[in-house]
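To start, the structure itself, in structure tokens.
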Amino acid sequence: MTFVLQNLKNLHPDFEKWYEIVASRLRADPKARWFVELRNRIEKQGQIGDSHSSFKMYNFDSSKINTMNRDAPSGTVSMFFGDSMGRSGWEVLLPDGSLTEVFFELPLEIATFQLSMAEAPEGFSFEKDLPDWLDQLEAIVQEARSKFGGASN
């Protein structure tokens, strides 16, 4: 989003001055800096986190698993919860003998979960901080629209 905004710098004479204030504000925020580092790691290395990332499930209700297994694809050999990226799904044997993973969203009534990363800022919570970060980015876009014009959607 910030890269797209920076493309506007040649379209309005006041843009660079405004954007430097926005960028300074983001650089001063440890969580904002961390999201930039996370984006760079995903884009450049194809990794979401380091070896200390973890996914934890709480209040797991195994009695509801049979209901989920009714929706399992043909060829399912196992079900997994919380892989290294926090995903859940089925391991499925294909007709050619290879295995693939089919992911599903774990219903909230089955478990609550928490994804954490060791290198995240102190007190960081994906559940709280990701929506706040997206709201912050949306506010920056809205501010740019009000200052420099543009589409409303």
Side-chain angles (χ1 to χ4, degrees), residues 1-61 64 68 71-73 76 78-92 94 96 98-153:
M1 190 265 340
T2 56
F3 291 149
V4 172
L5 273 179
Q6 290 175 61
N7 287 329
L8 301 174
K9 68 182 174 186
N10 296 325
L11 300 178
H12 198 283
D14 296 332
F15 179 83
E16 284 195 66
K17 181 178 172 185
W18 169 81
Y19 188 76
E20 184 51 41
I21 293 167
V22 170
S24 294
R25 191 171 66 222
L26 293 174
R27 284 190 295 270
D29 179 345
K31 291 179 183 175
R33 280 196 323 268
W34 185 78
F35 274 112
V36 170
E37 291 167 10
L38 179 63
R39 179 209 59 206
N40 290 342
R41 190 178 318 117
I42 291 168
E43 286 182 346
K44 296 174 182 173
Q45 299 172 2
Q47 298 175 346
I48 191 169
D50 66 13
S51 60
H52 302 308
S53 300
S54 66
F55 174 84
K56 297 177 184 174
M57 271 195 287
Y58 302 93
N59 306 319
F60 187 75
D61 185 349
K64 301 197 178 187
M68 292 185 65
D71 297 329
T76 294
S78 66
M79 179 185 278
F80 60 91
F81 301 98
D83 70 4
S84 64
M85 294 182 68
R87 302 171 300 186
S88 299
W90 295 285
E91 191 173 45
V92 179
L94 298 175
D96 67 1
S98 64
L99 289 172
T100 191
E101 294 175 337
V102 176
F103 301 104
F104 58 78
E105 187 173 336
L106 188 63
L108 292 177
E109 64 270 9
I110 289 182
T112 53
F113 55 90
Q114 177 183 6
L115 180 62
S116 61
M117 301 176 107
E119 73 276 4
E122 183 69 31
F124 180 85
S125 161
F126 273 101
E127 294 80 13
K128 177 189 173 299
D129 292 319
L130 181 59
D132 288 350
W133 172 241
L134 295 175
D135 289 346
Q136 186 177 354
L137 292 178
E138 183 177 358
I140 292 169
V141 170
Q142 293 302 327
E143 185 180 342
R145 282 188 181 134
S146 71
K147 285 188 164 299
F148 308 111
S152 61
N153 287 326

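What you see is a predicted model, and the numbers here were worked out from it, not measured in a lab. For reference, positions follow the sequence shown, starting with 1. Atoms considered below: every heavy atom in the structure, side chains included; atoms not considered: hydrogens, waters and symmetry mates.
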Would you check, one step at a time, whether the test side chain to side chain contact (heavy atoms under 4.5 Å, CB included) holds for Leu130 with Phe35?
-> CA-CA 9 Å; Leu130 181 59; Phe35 274 112; 3.8 Å; yes
Passes side chain to side chain contact (heavy atoms under 4.5 Å, CB included), Asp132 versus Lys31? Steps please.
-> CA-CA 10 Å; Asp132 288 350; Lys31 291 179 183 175; over 6 Å; no
Please tabulate, one pair per line, all N/O donor-acceptor pairs under 3.5 Å involving side-chain atoms of residues 12-19, not counting sequence neighbours.
from: His12; atom 1: ND1; to: Asp14; atom 2: N; distance (Å): 3.1
from: Trp18; atom 1: NE1; to: Glu143; atom 2: OE2; distance (Å): 2.6
from: Tyr19; atom 1: OH; to: Gln6; atom 2: NE2; distance (Å): 3.3

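Residues satisfying the side-chain contact (heavy atoms from CB on, under 4.5 Å) criterion with Ser78, sequence neighbours excluded, are Glu91. Among residues two or more places apart in sequence or in another chain, the salt bridge (Lys or Arg N to Asp or Glu O under 4.0 Å) test is passed with Glu105 by none. Remark: Ser146 engages no residue in a side-chain contact (heavy atoms from CB on, under 4.5 Å) (not counting sequence neighbours). With sequence neighbours left out, the salt bridge (Lys or Arg N to Asp or Glu O under 4.0 Å) criterion links Asp29 to no other residue. Scored by the side-chain contact (heavy atoms from CB on, under 4.5 Å) test, Phe103 finds Phe80, Asp83, Arg87, Glu101 as partners (sequence neighbours excluded).
When every heavy atom of Ala32 is checked against every heavy atom of Trp133, the shortest pair comes out as CB-CZ3, 3.4 Å. The shortest non-hydrogen separation linking Pro73 to Val92 is CG-CG2, 3.9 Å.
Of the inter-residue distances, the one linking Asp135 atom CG with Gln142 atom CD reads 11.5 Å to the nearest 0.5 angstrom. With rounding to the nearest 0.5 angstrom, the CG atom of Asp129 is 11.0 Å from the CG atom of Leu134.
The shortest distance between side-chain heavy atoms of Ile140 and Arg25 falls below 4.5 Å.
Ion pair Glu20/Arg27 flagged as a salt bridge, since at least one NZ, NE, NH1 or NH2 atom sits closer than 4.0 Å to an Asp/Glu carboxylate oxygen.
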